[in-house]
Asks: 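Can you read through this structure? Questions will come right after.
Residue numbers run from 1 in the order of the sequence given. Quick note: numbers below take in every heavy atom, side chains included, and nothing from hydrogens, waters or symmetry partners. If you're wondering where the values come from, they're calculated on a predicted model, not measured in any experiment.
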Amino acid sequence: MATGISQERVAEAEAPEGPQPRSVRVVLLALMIAMLLAMLDNMIVNTAMPTIVGELGGLEHLSWVVTAYTLATAASTPIWGKLGDMYGRKGAFLTSIVIFLAGSALSGMSQDMTQLIGFRAIQGLGAGGLMVGVMAIIGDLIPPRERGKYQGMMAGVMALAMIGGPLVGGAITDHLGWRWTFYINIPLGAVALAMVTAVLHLPKKRSRGRIDYLGTLLLTVGITSIVLVTTWGGQQYAWDSAIIMELIALGVAAIIGFLFVEKHAAEPIVPLHIFRNRNFSLMSSIGFLTGFVMFGAMLFLPLYQQSVQGASATNSGLLLLPMLLSMMAVSLIAGRVTTSSGKYKIFPILGGALVVIGLFLLSTMDTTTTRLMSGVYMAVLGAGMGFLMQITMLVAQNSVEMKDMGVASSSTTLFRTLGSSFGVSIMGAIFTNRVGDEMKHRLGAAASSGAGNLASAQLDHASLLKLPAPVREAYQYAVSSGTHGTFLVGSIVAVALFVMALFVKEVPLRGAAPTPAKDQGDAPLAEPAL
């Protein structure tokens, strides 16, 4: 083992110089395309789902089209990170692109819902490597001190995906057919594949260690159980149902077993020593909470805008612009300041504070809140997210050795993914219960059955206009009450995020001017080979 480690460090020290600036820009463009593919896919496909069900049938299996993709993405994320660390980042990334494109082509050719679910799982396997590959390759090419300059680009890709996804999905479905919502990935992916193959040059790795198959299996079972609990709980099955309890027990047992195996594995899929670093553990937790509150907000804001403020489905996406543009602008500014000063601790603190304030302001919205005011509230939340989204990854990567860059990137990504899964589930349960209770209160016990149906529905403005005036007014008040509850809970969760940010230690970013050595437990462990 000692020989393998020493050889790895020698290889890092002898690694060739990184690409010239033009090559870096070309690689970054390819990475942004890959990131766009991973983020855009679900949003495009969700828009086409009614049409897909209309042609293929199988309405009862509809949720599995999304769940299969999400499960495969979450379960494969840490595996891709470790494979990149062991056998080389470029090969793992190119393989993930090929798998994603194969899954996209097969999904477009699906003849029934069962085939589509299976092919979406293949697509999700590739997607798990796309995000991890992007983050880890950027970590290899660009020192943390310089990486802040590119944060605006990453935030821009996220904003483009969130706004453009539903619009592009609707346009493609209407004019080209739903199959092209999958086929559109192929030309974009081919461009990224060709650019990465031609321009990206990283040191080749040959690990003598064996893949941690048992750890991989236990982690996959644990992640799958968690995602299924958060996806099914309160929806397909009651929270206290036998299947949910069994999944919780299976998930807990698998995670405990995984931790035991990782302590003794020669080449652990997730080296537990990285969590001994305070900054890395804090950033993983902050990433989890950021995913929790952000995706919960992204889910319920459009519903509020359509049901209460009377926006169309298309306009509700555009009405998110204040939040997304604020997030992009603040992320760009924070990145520039980080690059020029090397300081970053203030940003997660500011981000946590603004997220708490923004979510609390959103919780005050009611049926009389104007679009202007809700836009201001969203801009505050977006600014908080802008301070957090990329800083968490930057600090996490700066806290580990270069040999662990992949698992650091995949672990941070996984925590954010799991956080979003928990956020959508828990905030969704709060929303549904609040809407149901409010509907029953306003319409009376006689209308409880109809109220229960409306509580789980997402009615657009056109559908609302067809309802009797008392029912429509009750539903709008109920949605307002539901969003109040979800955002209030989100702001309380965000307080924990803010408190964690206070304990982040300002450790010099690699690439900065040399500084005196600091606490061994928090200092970066190795310099990047560029």
Asks: Measure across Gly128 and Ser76 and return the closest heavy-atom pair with its distance rounded to 0.1 Å.
Replies: CA-OG, 3.6 Å
Asks: Taking Lys82 for its side chain and Val270 for its backbone only, find out whether a donor-acceptor pair lies under 3.5 Å.
Replies: no
Asks: Between Ile269 and Glu262, is there a side-chain heavy-atom distance shorter than 4.5 Å?
Replies: yes
Asks: For side chain to side chain donor-acceptor pair (under 3.5 Å), just list the numbers for Arg416 and Ser284, CA-CA rounded to whole Å, side-chain angles, deciding distance to a tenth of an Å, and then say yes or no.
Replies: CA-CA 8 Å; Arg416 185 175 296 173; Ser284 296; over 6 Å; no
Asks: Decide side-chain contact (heavy atoms from CB on, under 4.5 Å) for Phe93 and Leu31; before the verdict, give the C-alpha distance in whole Å, the side-chain angles of both, and the deciding distance to 0.1 Å.
Replies: CA-CA 10 Å; Phe93 186 56; Leu31 296 180; 3.6 Å; yes
Asks: Find out whether Leu301 and Met365 are in side-chain contact, i.e. whether some heavy atom of one side chain is under 4.5 Å from a heavy atom of the other.
Replies: yes
Asks: Could you tell me whether a side-chain N or O of Ser411 sits under 3.5 Å from a main-chain N or O of Ala408, the two making a donor and an acceptor?
Replies: no
Asks: Check whether any side-chain heavy atom of Met131 sits under 4.5 Å from a side-chain heavy atom of Val134, and report yes or no.
Replies: no
Asks: Using every non-hydrogen atom in the two residues, find where Ile391 and Pro348 come nearest and quote the distance to one decimal.
Replies: CG2-CD, 4.0 Å
Asks: Within the distance-only criterion (no hydrogens, no angle test), does the side chain of Glu506 pair as donor or acceptor with the backbone N or O of Lys345 below 3.5 angstrom?
Replies: yes
Asks: Donor-acceptor pair, Ser281 side chain versus Phe275 backbone, under 3.5 Å?
Replies: yes
Asks: Is there a donor-acceptor pair under 3.5 Å between the side chain of Asn279 and the backbone N or O of Lys505?
Replies: yes
Asks: Under the 3.5 angstrom rule, does the side chain of Asp85 hit a backbone N or O of Val407 as a donor-acceptor pair?
Replies: yes
Asks: Rounded to the nearest 0.5 Å, what separation is found between the CD1 atom of Ile117 and the CD1 atom of Ile122?
Replies: 13.0 Å
Asks: Taking the side chain as C-beta and beyond, is there a heavy-atom pair between Met135 and Thr412 under 4.5 Å?
Replies: no
Asks: Minimum heavy-atom separation for Val227 and Ala74, please, with both atom names.
Replies: CG2-CB, 4.3 Å
Asks: Give a yes or no answer on whether the side chain of Ser331 reaches the backbone of Met327 with a donor-acceptor pair at less than 3.5 Å.
Replies: no
Asks: Under the 3.5 angstrom rule, does the side chain of Thr230 hit a backbone N or O of Ile226 as a donor-acceptor pair?
Replies: yes
Asks: Quick one: closest heavy-atom pair of Arg434 and Gly485, and the distance?
Replies: NH1-CA, 3.6 Å
Asks: Evaluate side-chain contact (heavy atoms from CB on, under 4.5 Å) for Asn185 paired with Gln123, printing each intermediate quantity in order.
Replies: CA-CA 11 Å; Asn185 293 327; Gln123 200 180 12; 3.4 Å; yes
Asks: May I ask you to check whether Phe288 and Phe422 place their ring centres under 6.0 Å from each other?
Replies: yes
Asks: Could you tell me the separation between the CG atom of Leu259 and the CG atom of Leu219, rounded to the nearest 0.5 Å?
Replies: 9.5 Å
Asks: Within this structure, what is the CZ-CZ distance for the pair Phe487 and Phe431, rounded to the nearest 0.5 Å?
Replies: 9.5 Å
Asks: For residues Gly384 and Leu354, report the shortest heavy-atom separation together with the two atoms involved.
Replies: CA-CB, 3.6 Å
Asks: Looking at residues at least two apart in the chain, or sitting in another chain, which of them share a side chain to side chain contact (heavy atoms under 4.5 Å, CB included) with Leu228?
Replies: Trp64, Thr67, Leu71, Thr224, Trp232, Leu247
Asks: Can you confirm whether Thr290 sits close enough to Met385 that some side-chain heavy atom of one is under 4.5 Å from a side-chain heavy atom of the other?
Replies: yes
Asks: With sequence neighbours left out, what residues match Leu488 under side chain to side chain contact (heavy atoms under 4.5 Å, CB included)?
Replies: Phe360, Ser363, His484, Ser491
Asks: Test of understanding: with side chain to side chain contact (heavy atoms under 4.5 Å, CB included), list the residues that count as partners of Leu94, not counting sequence neighbours.
Replies: Lys90, Leu193, Val196, Thr197
Asks: Could you report the tightest heavy-atom contact between Val355 and Ala494, atom names first, then the distance?
Replies: CG1-CB, 3.6 Å
Asks: Enumerate the ring pair (Phe, Tyr, Trp, His ring centres under 6.0 Å) contacts for residues 322-347, please, sequence neighbours excluded, ordered by first and then second residue.
Replies: Phe347-Phe387
Asks: Is the closest side-chain heavy-atom distance between Pro268 and Leu272 below 4.5 Å?
Replies: no
Asks: Applying side-chain contact (heavy atoms from CB on, under 4.5 Å), run through Val221 and Leu250 and close with a yes or a no.
Replies: CA-CA 8 Å; Val221 171; Leu250 178 62; 3.9 Å; yes
Asks: Do Met195 and Val27 make a side-chain contact, defined as non-hydrogen atoms from C-beta onward lying under 4.5 Å apart?
Replies: no
Asks: What distance separates Thr77 OG1 from Phe415 CZ, expressed to the nearest 0.5 Å?
Replies: 12.0 Å
Asks: Any donor and acceptor pair, going by atom type alone, linking the side chain of Gln397 with main-chain N or O of Met405 inside 3.5 Å?
Replies: no
Asks: Hey, what do you get for OH (Tyr69) to OG (Ser107), rounding to the nearest 0.5 Å?
Replies: 10.0 Å
Asks: Provide the full list of salt bridge (Lys or Arg N to Asp or Glu O under 4.0 Å) pairs with a residue in residues 385-397, sequence neighbours left out, each pair given once.
Replies: none
Asks: Within this structure, what is the OG1-CZ distance for the pair Thr95 and Phe100, rounded to the nearest 0.5 Å?
Replies: 15.0 Å
Asks: Tell me every residue that passes side chain to side chain contact (heavy atoms under 4.5 Å, CB included) with Ile248, counting only those two or more places apart in sequence or in another chain.
Replies: Val229, Ile244, Met245, Val252
Asks: I'd like to know whether Arg278 forms a side-chain contact (heavy atoms from CB on, under 4.5 Å) with Val507, so could you lay out the CA-CA distance, the side-chain angles of the two residues, the decisive distance to 0.1 Å, and finally the verdict.
Replies: CA-CA 11 Å; Arg278 185 173 77 186; Val507 177; over 6 Å; no
Asks: With heavy-atom distances below 4.5 Å as the criterion, would you say the side chains of Phe182 and Arg120 are in contact?
Replies: yes
Asks: Just by modelled atom types, is the Ala383 backbone N or O under 3.5 Å from a matching donor or acceptor in the Ser326 side chain?
Replies: yes
